[in-house]
Amino acid sequence: MGHYGVDKTLSILKENFYWTHVRVDVQSYSSKCITCLQAKSKIMPHGLYTPLPIPSIPWEDINMDFVLGLPRTQSGYDSIFVVVDCFSKMTHFIPWHKIDDASYIARIFFKEVVRLHGLHKTIVSDRDVKFLSHFWKTLWSKLMFSTTCHP
């Protein structure tokens with residue numbers, strides 16, 4: 001059925017089933033489920049979402065991500081490397097091949113973005129393997145990795 005936790009599981013069960021002590025049984029079952037225990041920690045809650053800091057000048061803080069799974073162009077490109085300035089929301093869309101490695105991405109990043117705007121103070125990206133490579137970690141010590149909702 002899924003790992004919904006006690007309250008949602010109870011509401012789903014009550015739509016079609018009834019037995020005495022249903023809440024006790026669901027709580028007992030949920031407290032023994034390893035997946036539920038790992039995903040829904042009560043000891044270390046995630047806390048509130050925190051917004052990214054507001055930049056003060058253009059091209060000091062940027063976001064980077066990939067758009068994958070596009071149809072292949074006549075030049076053979078099948079993906080887009082997106083770089084967004086957090087201050088002005090100006091964006092660079094750079095075509096590339098999905099099979100390119102981190103060193104190629106770094107070269108096109110310097111050719112298309114750093115050449116025009118200089119080096120950046122912070123770079124925020126998702127946890128893509130190309131950004132987690134050794135090259136990116138050593139190049140920028142303030143590379144801020146984020147999750148989906150920026151907690």
>> Test side chain to side chain contact (heavy atoms under 4.5 Å, CB included) on Ile62 and Phe109; report intermediate values, then the result.
In response: CA-CA 12 Å; Ile62 62 170; Phe109 175 71; 3.8 Å; yes
> Taking atom CD1 of Ile105 and atom CD1 of Ile94, what is their separation to the nearest 0.5 Å?
Replying inline: 10.0 Å
>> Test side chain to side chain contact (heavy atoms under 4.5 Å, CB included) on Phe110 and Leu119; report intermediate values, then the result.
In response: CA-CA 9 Å; Phe110 275 91; Leu119 284 175; 4.0 Å; yes
>> When you group the ILVMFWY residues by side-chain heavy-atom contacts below 4.5 Å and let the links chain together, are Phe17 and Val22 in the same group?
In response: yes
>> Please check this pair: side chain of Ser11 against backbone of Lys8, looking for a donor-acceptor N/O pair closer than 3.5 Å.
In response: yes
>> Looking at every heavy atom in both Lys111 and Arg115, which two are closest together, and how far apart are they?
In response: O-NE, 2.6 Å
>> Working to the nearest 0.5 angstrom, can you tell me the gap between Leu13 CG and Tyr18 OH?
In response: 13.0 Å
> How long is the gap from CG on Leu116 to CE on Met90, to the nearest 0.5 Å?
Replying inline: 7.5 Å
>> Would the distance check show the side chain of Ser28 and the main-chain N or O of Val24 forming a donor-acceptor pair, the cut-off being under 3.5 Å?
In response: no
>> Side-chain heavy atoms under 4.5 Å apart, restricted to Ile/Leu/Val/Met/Phe/Trp/Tyr: what other residues fall into the cluster of Leu70, or is it alone?
In response: Val67, Ile80, Val82, Val84, Phe93
> Rounded to the nearest 0.5 Å, what separation is found between the OG1 atom of Thr9 and the CG atom of Asp25?
Replying inline: 12.5 Å
> Are side-chain heavy atoms of Asp100 and Ile108 found at a separation under 4.5 Å?
Replying inline: no
>> Run the salt bridge (charged side-chain N to carboxylate O under 4.0 Å, His left out) test against Asp85 and tell me which residues pass, sequence neighbours left out.
In response: none
> Are any of the side-chain heavy atoms of Gln27 and Leu10 separated by less than 4.5 Å?
Replying inline: no
> Can you check side chain to side chain contact (heavy atoms under 4.5 Å, CB included) on Val114 and His120, steps first, answer last?
Replying inline: CA-CA 8 Å; Val114 174; His120 308 88; 4.1 Å; yes
>> Take a 6.0 Å sphere around OH of Tyr29 and say whether it holds more than 12 heavy atoms from other residues, nucleotides or ligands.
In response: no
>> Classify the ring geometry of His117 against Trp59: parallel below 30°, tilted from 30° to 60°, perpendicular beyond 60°.
In response: parallel
> side-chain hydrogen bond (donor to acceptor under 3.5 Å, both in side chains): which pairs involve residues 68-77, sequence neighbours left out?
Replying inline: none
> To the nearest 0.5 Å, what is the distance between CG (Asn63) and OG1 (Thr122)?
Replying inline: 8.5 Å
> Can you get from Leu68 to Tyr104 by hopping between Ile, Leu, Val, Met, Phe, Trp and Tyr side chains that sit under 4.5 Å apart?
Replying inline: yes
> Would Val113 end up clustered with Trp96 when hydrophobic side chains under 4.5 Å apart are linked, directly or stepwise?
Replying inline: yes
